[in-house]
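Report on one structure; see the data block that follows.
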Protein chains: 2
Amino acid sequence: MKLERLASVLKAVSHPKRLRILALLAEVDHEVCVCEFVDALELPQYQVSQHLRELRNENLVKGNREGTWVYYSLCEDETGERRGLIEGLVKAIDTEDYNDEVEKLKERFNKRENGKCTVGYDEED
Amino acid sequence: MKLERLASVLKAVSHPKRLRILALLAEVDHEVCVCEFVDALELPQYQVSQHLRELRNENLVKGNREGTWVYYSLCEDETGERRGLIEGLVKAIDTEDYNDEVEKLKERFNKRENGKCTVGYDEED
DNA sequence: TAGTTATATGTACATATATGCATATAAGTT
DNA sequence: AACTTATATGCATATATGTACATATAACTA
């Protein structure tokens with residue numbers, strides 16, 4: 001990867017919330033809905049969308065719209081270079097550091113119907 | 001590593017010049033003098049010092065003063081976690097992307113006397 | 001001590017980023 | 001069409017960062 005490109009990717013990833021989003025996507029093995037992030041991260045919806053936009057701009061995540069809902073996952077790249085980089089970073093994080101959020105995502109996942117979200121997020125935050 | 005700590009490290013590393021400094025330190029297998037960085041990176045001395053300070057603040061590099069000169073190298077950490085992280089990042093960079101600077105450092109290294117700098121940097125830049 | 005060289009740092013300013021809010025868009029529902 | 005819900009985005013502003021310059025500090029030399 002070009003040095004400038006790597007620096008740009010790292011910049012996007014160097015924000016705690018965005019790093020956390022990537023860690024969750026790498027940890028749970030399915031697409032995560034925006035509304036699920038809102039609940040798990042306890043962030044207002046606009047912040048989740050803003051962070052996802054930055055990650056999207058760096059081609060680190062991609063959104064998959066299904067009706068009103070948008071499901072996000074880590075991007076695959078041809079060489080797997082970027083993907084491998086992200087997974088490497090996530091592996092460096094103490095698991096306990098995002099375990100709670102993973103649990104919340106799992107609970108949220110179990111509440112899906114036919115594998116899809118139905119309820120949206122809590123209005124708080 | 002704590003997630004917040006990793007984000008903080010990545011932030012320091014997400015600047016092209018600082019990433020380049022780390023790449024050079026990882027690539028050449030000896031301490032590099034500030035004056036050698038000034039010549040290799042073609043950056044003014046104060047910028048080199050400023051970037052090194054930020055990397056020092058994150059415990060990524062350490063300086064070793066010998067008289068007027070200060071020689072920098074990558075920090076070792078007990079677990080090797082941070083060091084491994086940096087080396088992993090550097091490995092993701094296209095070698096050709098910093099080969100010229102490595103060459104300049106080697107030339108500079110060959111001009112040392114008793115393994116130590118003697119000449120300082122060019123006043124340009 | 002004064003002078004010189006190498007390195008570090010404080011300050012100023014322009015630009016970038018984070019954050020919050022309001023609102024737009026997309027899509028489903030009645 | 002009007003209404004509701006989920007998501008995205010534009011704008012404002014406070015804060016952080018990059019960059020440049022001047023100058024301080026550290027250490028050697030005469």
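In the text below, chain A, chain B and the rest are named by the order of the sequence lines, each starting its count at 1.
- By the 30° and 60° cut-offs, the orientation of the rings of H15(B) relative to H51(B) is tilted.
- If you take NZ of K17(A) and C1' of dT17(C), they are 16 Å apart, rounded to a whole angstrom.
- Across every non-hydrogen atom of I93(B) and A23(B), the tightest pair is CD1-CB, 4.2 Å.
- Using a 4.0 Å heavy-atom criterion, one finds that C117(A) contacts no nucleic acid atom at all.
- Looking only at distances, no side-chain donor or acceptor of E113(B) sits under 3.5 Å from a matching main-chain atom of T118(B).
- One interatomic measurement links the two molecules: CD of E58(B) to P of dT17(D), which rounds to 10 Å at whole-angstrom precision.
- Regarding contacts with the backbone of dA6(C), every side-chain N or O of Y72(B) stays at 4.0 angstrom or more from both OP1 and OP2.
- Whole-Å rounding puts the K116(A) NZ to dT7(D) P distance at 12 Å.
- Heavy-atom contacts from other residues, nucleotides or ligands closer than 6.0 Å to NZ of K106(B) number 12 or fewer.
- For S49(A), the listed nucleotide lying nearest its side chain is dT7(D); candidates were dT7(D), dA6(C), dA8(C).
- Other residues, nucleotides and ligands place no more than 12 heavy atoms under 6.0 Å from the CG atom of D29(B).
- As rounded to whole Å, 14 Å separates atom P of dT17(C) from atom NE2 of H51(A).
- Spacing between atom CG of N57(A) and atom C1' of dA18(C) amounts to 15 Å, rounded to whole angstrom units.
- If you check dT19(C), dT17(C), dT7(C) against the side chain of H15(A), the one that comes closest is dT19(C).
- The side chain of V70(B) approaches dT7(C) more closely than any other nucleotide in the set dT9(C), dT7(C), dA18(C).
- Comparing dT17(C), dT9(C), dT7(C) against the side chain of R53(B) picks out dT9(C) as the nearest.
- Straight-line distance from the CG atom of L41(A) to the P atom of dT7(D): 13 Å, rounded to whole Å.
- Under a 4.0 Å N-O distance rule, the pair D77(B)/R83(B) does not qualify as a salt bridge.
- Y71(A) comes within 4.0 angstrom of no nucleic acid atom, judged by non-hydrogen atoms across all strands.
- We find that R5(A) and E58(A) are joined by a salt bridge, their nearest charged nitrogen and carboxylate oxygen being less than 4.0 Å apart.
- Atom CG in L52(A) sits roughly 16 Å away from atom P in dA6(D) (whole-Å rounding).
- One finds no side-chain N or O of K11(B) lying less than 4.0 angstrom from the OP1 or OP2 phosphate oxygen of dT17(C).
- To the nearest angstrom, P of dT5(D) lies 19 Å from CD of E36(A).
- For E54(A), the listed nucleotide lying nearest its side chain is dA18(C); candidates were dT9(D), dT7(C), dA18(C).
- Side-chain atoms of S49(A) never come within 3.5 Å of backbone atoms of Y46(A) as a donor-acceptor pair (strictly under, hydrogens ignored).
- At the heavy-atom level, F37(A) lies nowhere under 4.0 Å from the strands shown.
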Collect all protein-nucleotide pairs involving nucleotides 20-27 of chain C in which both atoms are nitrogen or oxygen and the distance is under 3.5 Å.
unit_1	atom_1	unit_2	atom_2	d
dG20(C)	OP2	Q47(A)	NE2	2.1
dG20(C)	O6	Q50(A)	NE2	3.1

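- The side chain of R56(A) places an N or O atom within less than 4.0 Å of a non-bridging phosphate oxygen (OP1 or OP2) of dT9(D).
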